[in-house]
Amino acid sequence: MSDDAPLALEDRHGVVADHCLDQLFRGARTFSYWAERDVPDTTLYALYDLLKYGPTSANQCPARFLFLKGESKERLKPHLAKGNVDKTMSAPVTAIVAWDTQFHERLPELFPHNPGAKDWFADPDSRGEHGFRNGTLQGAYFILAARALGLDCGPMSGFDNDGVDAEFFASDPERKTWRSNFLCNLGYGVTEKLHPRLPRLSFDDAAKILK
């Protein structure tokens, strides 16, 4: 089997190597300072080609991603909270993680064994609940995929959603139904300026096992 061949389903229960778990979780951090190093477009394509396989309800795939590089980020600057300006403008890439309010229109393509699934989301309130939830889930896959490819991430709120939507989506026929969820800076982080890792809740504080 070649190195890039997909894992056979029967081999899926092996534990990922410890250094991979460190890269994805234990050693990963949220970055605010960035090395002057470009993120190639090919890496962004590879990022999406990983995250797209994460599960969503009825294979909705409502998340949409707009990658801002170079001068395009100047359009984002007026809509950022003051504390997020420097970290965003210095990042090689800033992704607007969004979701499509009309995601259900693609369900005949994405859920072909039940084309009528589109009608499950005819109600705008239901569509909003499902689209935002599953789009956020895909945003988490986005972060893990980026880390898996050696990128550092700086996910954040702290921006004017309405302003971002008006600036980047409203006037574009292909994106007019998109709505921003959160932003995520991408690049190669500078570790020297990291704060000590903040504490996390223990299993007993955050989880229970019922039998």
Side-chain angles (χ1 to χ4, degrees), residues 12 24-25 28 30 44-45 47-68 75-76 78-81 83-84 88 93-149 151 153-186 198 200-201 203 205-210:
R12 70 191 183 280
L24 293 174
F25 294 101
T30 296
L44 302 179
Y45 278 93
L47 193 169
Y48 180 76
D49 282 340
L50 281 177
L51 78 89
K52 70 182 182 184
Y53 290 112
T56 56
S57 177
N59 201 34
Q60 293 169 13
C61 303
R64 303 291 184 265
F65 305 92
L66 188 64
F67 295 100
L68 308 180
R75 296 169 56 191
L76 181 63
H79 308 292
L80 295 170
N84 286 336
T88 301
V93 182
T94 300
I96 303 175
V97 180
W99 66 283
D100 190 348
T101 62
Q102 301 299 309
F103 70 85
H104 64 311
E105 296 291 348
R106 302 295 297 269
L107 283 181
E109 168 192 352
L110 295 172
F111 209 59
H113 56 286
N114 192 341
K118 170 184 174 180
D119 298 330
W120 300 347
F121 307 101
D123 176 66
D125 290 337
S126 174
R127 195 162 64 245
E129 177 185 349
H130 284 269
F132 184 76
R133 178 189 300 127
N134 286 278
T136 302
L137 185 61
Q138 288 186 281
Y141 302 148
F142 173 96
I143 293 170
L144 291 177
R147 290 173 173 176
L149 293 172
L151 293 172
C153 299
M156 60 188 175
S157 300
F159 66 99
D160 178 1
N161 289 77
D162 291 338
V164 166
D165 294 350
E167 178 66 35
F168 291 97
F169 303 150
S171 62
D172 190 307
E174 294 184 356
R175 300 193 293 264
K176 64 182 181 180
T177 60
W178 296 16
R179 298 294 181 270
S180 57
N181 186 343
F182 66 93
L183 304 178
C184 189
N185 292 324
L186 296 172
L198 296 173
R200 299 296 195 269
L201 295 176
F203 183 95
D205 287 329
K208 294 290 183 289
I209 299 173
L210 299 181

Is the backbone N or O of [Y] less than 3.5 Å from a side-chain atom of [X], with the two atoms forming a donor-acceptor pair by type?
X	Y	result
Arg127	Phe121	yes
Asn161	Ser180	yes
Arg175	Pro173	no
Tyr141	Pro55	yes

Locate the shortest heavy-atom distance separating [X] from [Y]; write the atom from each residue and the value.
X	Y	answer
Leu110	Asn59	O-ND2, 2.8 Å
Pro62	Thr56	CD-CG2, 4.4 Å
Leu24	Leu144	CD2-O, 3.4 Å
Asn134	Gln60	ND2-OE1, 3.2 Å
Pro155	Thr30	CD-CG2, 4.0 Å
Arg147	Cys153	CG-SG, 4.4 Å

Mind checking the [atom1]-[atom2] spacing from [X] to [Y]? Nearest 0.5 Å is all I need.
X	Y	atom1	atom2	answer
His79	Asp165	NE2	CG	9.5 Å
Asp123	Glu129	CG	CD	10.0 Å
Leu68	Leu66	CG	CG	5.0 Å
Asp162	Arg179	CG	CZ	9.0 Å
Gln138	Phe65	CD	CZ	5.5 Å
Phe159	Leu76	CZ	CG	8.0 Å

- Task: Could you check whether the rings of Phe142 and Phe67 sit parallel, tilted or perpendicular, using 30° and 60° as the cut-offs?
- Result: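 Parallel, since the angle between the ring planes stays under 30°.
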- Any chance you could lay out the side chain to side chain contact (heavy atoms under 4.5 Å, CB included) test for Leu186 and Leu47, step after step, and finish with the verdict? CA-CA 11 Å; Leu186 296 172; Leu47 193 169; 4.0 Å; yes
- Report the C-alpha distance between Ile96 and Phe169 in whole Å, list the side-chain angles of each, state the deciding distance to 0.1 Å, and finish with yes or no for side chain to side chain contact (heavy atoms under 4.5 Å, CB included). CA-CA 11 Å; Ile96 303 175; Phe169 303 150; 3.8 Å; yes
- Item | side chain to side chain contact (heavy atoms under 4.5 Å, CB included) evaluation trace for Val93 with Asn185 | CA-CA 6 Å; Val93 182; Asn185 292 324; over 6 Å; no
- Message: Does Phe203 have more than 12 heavy atoms from other residues, nucleotides or ligands lying within 6.0 Å of its CZ?
- Response: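 Yes - once you tally the heavy atoms of other residues, nucleotides and ligands closer than 6.0 Å, there are more than 12.
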- Enclosure of Lys176 NZ (heavy-atom neighbours >12, cutoff 6.0 Å):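 12 or below, so no.
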- Pairs in or reaching into residues 101-119: which pass side-chain hydrogen bond (donor to acceptor under 3.5 Å, both in side chains), with residues at least two apart or in two chains?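 The answer is Glu105-Lys118, Arg106-Glu109.
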